[in-house]
J.: 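Attaching a single structure in structure tokens format; questions to follow.
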Amino acid sequence: MVRLRIQEVELRRPDLRKPFPRRFVQRLTGQTVQTLTRRAKYLLAALSSGETLLMHLGMSGSFRLEGHRSAAGTAARLGLDPHDHVVFHMSSGKAVVFNDPRRFGLMDLVPAGGLTEHPAISGLGPEPLSRDFDGRTLARACRGKKTSLKAALLDQRVVAGLGNIYASEALHVAGLSPLRRASVLATPAGAPRDAASRLAAAVKQVLQEAVARQTGRDYRDSRFLVYEREDEPCLKADCHGVIRRRTQSGRSTYYCPVCQR
DNA sequence: ACACGGACCTGAAGGC
DNA sequence: TGCCTTCAGGTCCGTG
């Protein structure tokens with residue numbers, strides 16, 4: 001939708017996880033989408049006014065493209081369902097429809113220059129696929145942390161954009177137990193393939209593979225190494241462990257107690 | 001300051 | 001069959 005003008009916005013409910021910002025529709029109407037980028041799990045649409053439309057899909061959110069709209073009207077022709085909460089009618093004649101059954105999503109409008117101070121953005125750690133994220137930075141972020149490795153990976157200040165599934169997957173690839181203290185990464189400093197380096201590399205690996213497979217479409221279509229594989233055999237070569245599940249900070253963790261130490 | 005657990009929300013799946 | 005409960009996900013907020 002880059003370079004298209006937002007001709008009309010249909011807001012079909014007052015809130016998602018939070019209320020839409022005030023004058024949401026008026027502020028968006030007539031603006032051109034200049035770039036579409038991402039930070040952590042936030043989608044960022046830079047607008048011609050200098051403002052940024054910040055969007056989060058929560059867990060059940062999605063966008064889809066709908067075809068033409070009739071001269072007469074909109075909703076009926078588009079065949080909207082009750083969970084279609086926002087419709088952006090673009091200058092191309094297409095509509096971008098935001099659907100989110102569970103309404104864990106979020107939209108906000110950020111004033112020009114205010115993005116880095118936005119509460120959703122300001123505390124974020126490094127992008128996992130960037131050079132800023134490696135064993136050294138991961139170890140530093142975990143120094144003195146009393147929480148578990150699993151919880152540390154879910155902490156968006158440590159690394160931005162990792163969720164529950166890939167936290168488990170990365171720990172498995174790295175051969176590290178999710179139950180260990182995060183601060184173990186900070187100890188013996190510097191060995192070339194220390195735990196922190198292995199874990200940082202594993203995070204990059206599982207995310208790159210997920211992107212290549214286009215998992216985002218529906219994570220249930222994917223098969224994972226450990227996620228949702230409780231009681232099934234560990235897939236690591238020569239490991240005869242069985243995948244376990246347990247709850248950590250209210251979320252399911254899957255791991256192999258044999259090869260993850 | 002940090003760490004944890006509950007709340008938010010709905011659909012899917014399982015139990016009775 | 002159908003009702004009821006439980007669970008999943010990401011983030012925020014209150015409490016310890």
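Protein chains get the first letters and strands the later ones, always in sequence-line order, with residue 1 at the start of each. Note that the structure is predicted; figures quoted are calculated from it, not measured.
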J.: Could you give the CE-to-P distance, from A:M59 to B:dA12, as a whole number of Å?
T.: 11 Å
J.: Using a cut-off of 4.0 Å on non-hydrogen atoms, how would the nucleic acid contact of A:R245 be classed: base, sugar-phosphate, or nothing?
T.: sugar-phosphate
J.: Does the plane of the ring in A:F24 sit parallel, tilted or perpendicular to the ring in A:F20? Use 30° and 60° as the thresholds.
T.: tilted
J.: Closest to the A:N164 side chain: C:dG10, B:dT10, C:dC12?
T.: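 Minimum distance to the A:N164 side chain belongs to C:dG10.
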J.: Taking the side chain of A:Y42 as heavy atoms from C-beta outward, which of B:dT10, C:dA8, C:dT11 is closest to it?
T.: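 Nearest nucleotide to the side chain: C:dT11.
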J.: Of all the nucleotides listed (B:dA3, C:dG9, C:dT11), which has the minimum atom distance to the side chain of A:R17?
T.: C:dT11
J.: Do A:R39 and A:E127 meet the salt-bridge criterion of a basic N to acidic O distance under 4.0 Å?
T.: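 Salt bridge between A:E127 and A:R39, a charged N being under 4.0 Å from a carboxylate O: yes.
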J.: Can you tell if the side chain of A:V86 reaches within under 4.5 Å of the side chain of A:L11, non-hydrogen atoms only?
T.: yes
J.: Would you kindly give the CZ-to-C1' distance between A:R157 and C:dG10, to the nearest whole Å?
T.: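 Whole-Å distance recorded here is 15 Å.
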J.: What is the separation between atom CZ on A:F104 and atom C1' on B:dG11, rounded to the nearest whole Å?
T.: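 Value for this atom pair: 12 Å.
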J.: Can you find a side chain N or O atom of A:Q156 that sits less than 4.0 Å from OP1 or OP2 on C:dT11?
T.: yes
J.: Heavy atoms from C-beta onward define the side chain here; which of C:dG9, B:dA3, C:dC12 lies closest to that of A:A120?
T.: C:dC12
J.: For DNA chain C, which residues in residues 247-257 of chain A have a heavy atom at a distance below 4.0 Å?
T.: A:R251, A:S252
J.: I need the CD-C1' distance between A:E230 and B:dG14, as an integer number of Å.
T.: 15 Å
J.: Take atom CZ of A:R102 and atom C1' of C:dT11, then tell me their distance rounded to the nearest Å.
T.: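 Interatomic distance, CZ of A:R102 to C1' of C:dT11: 15 Å.
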J.: Compare all side-chain heavy atoms of A:I6 with those of A:M90 and state whether any distance is below 4.5 angstrom.
T.: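 The answer is yes; the side chains approach within 4.5 Å.
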J.: Side-chain N or O of A:H83 less than 4.0 angstrom from OP1 or OP2 on B:dG11?
T.: yes
J.: Can a donor-acceptor pair be found between the side chains of A:K150 and A:T253 at a distance below 3.5 Å?
T.: yes
J.: Ignoring backbone atoms, test whether A:H56 places a side-chain nitrogen or oxygen under 4.0 Å from the OP1 or OP2 oxygen of C:dT11.
T.: yes
J.: In whole Å, I'd like the distance from the CG atom of A:D81 to the P atom of B:dT10.
T.: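 Checked: the CG to P distance equals 13 Å.
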J.: Just checking, is any N or O donor in the side chain of A:H118 or A:D108 under 3.5 Å from an acceptor N or O on the other one?
T.: yes
J.: Is A:K146 close enough to B:dC2 that one of its side-chain N or O atoms is under 4.0 Å from OP1 or OP2 there?
T.: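 No, outside the criterion.
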J.: Classify the side-chain pair A:S252/A:R245 by whether it contains a donor and acceptor separated by less than 3.5 Å.
T.: yes
J.: Round to the nearest Å and state the distance from A:L162 atom CG to C:dG10 atom C1'.
T.: 12 Å
J.: Measuring to OP1 and OP2 of B:dA3, would you say a side-chain N or O of A:K145 lies under 4.0 angstrom away?
T.: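 Yes, A:K145 has a side-chain N/O under 4.0 Å of OP1/OP2 on B:dA3.
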J.: Tell me whether the OP1 or OP2 atom of B:dT10 has a side-chain N or O from A:S60 closer than 4.0 Å.
T.: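 So the side chain of A:S60 is outside the cut-off, no N or O lying under 4.0 Å from OP1 or OP2 of B:dT10.
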J.: Within this structure, what is the CD1-CG distance for the pair A:I243 and A:D231, rounded to the nearest 0.5 Å?
T.: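 With rounding to 0.5 Å, CD1 (A:I243) is 9.5 Å from CG (A:D231).
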J.: CD of A:E228 versus P of B:dG14: gap in Å, rounded?
T.: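 So the two atoms are 12 Å apart, to the nearest Å.
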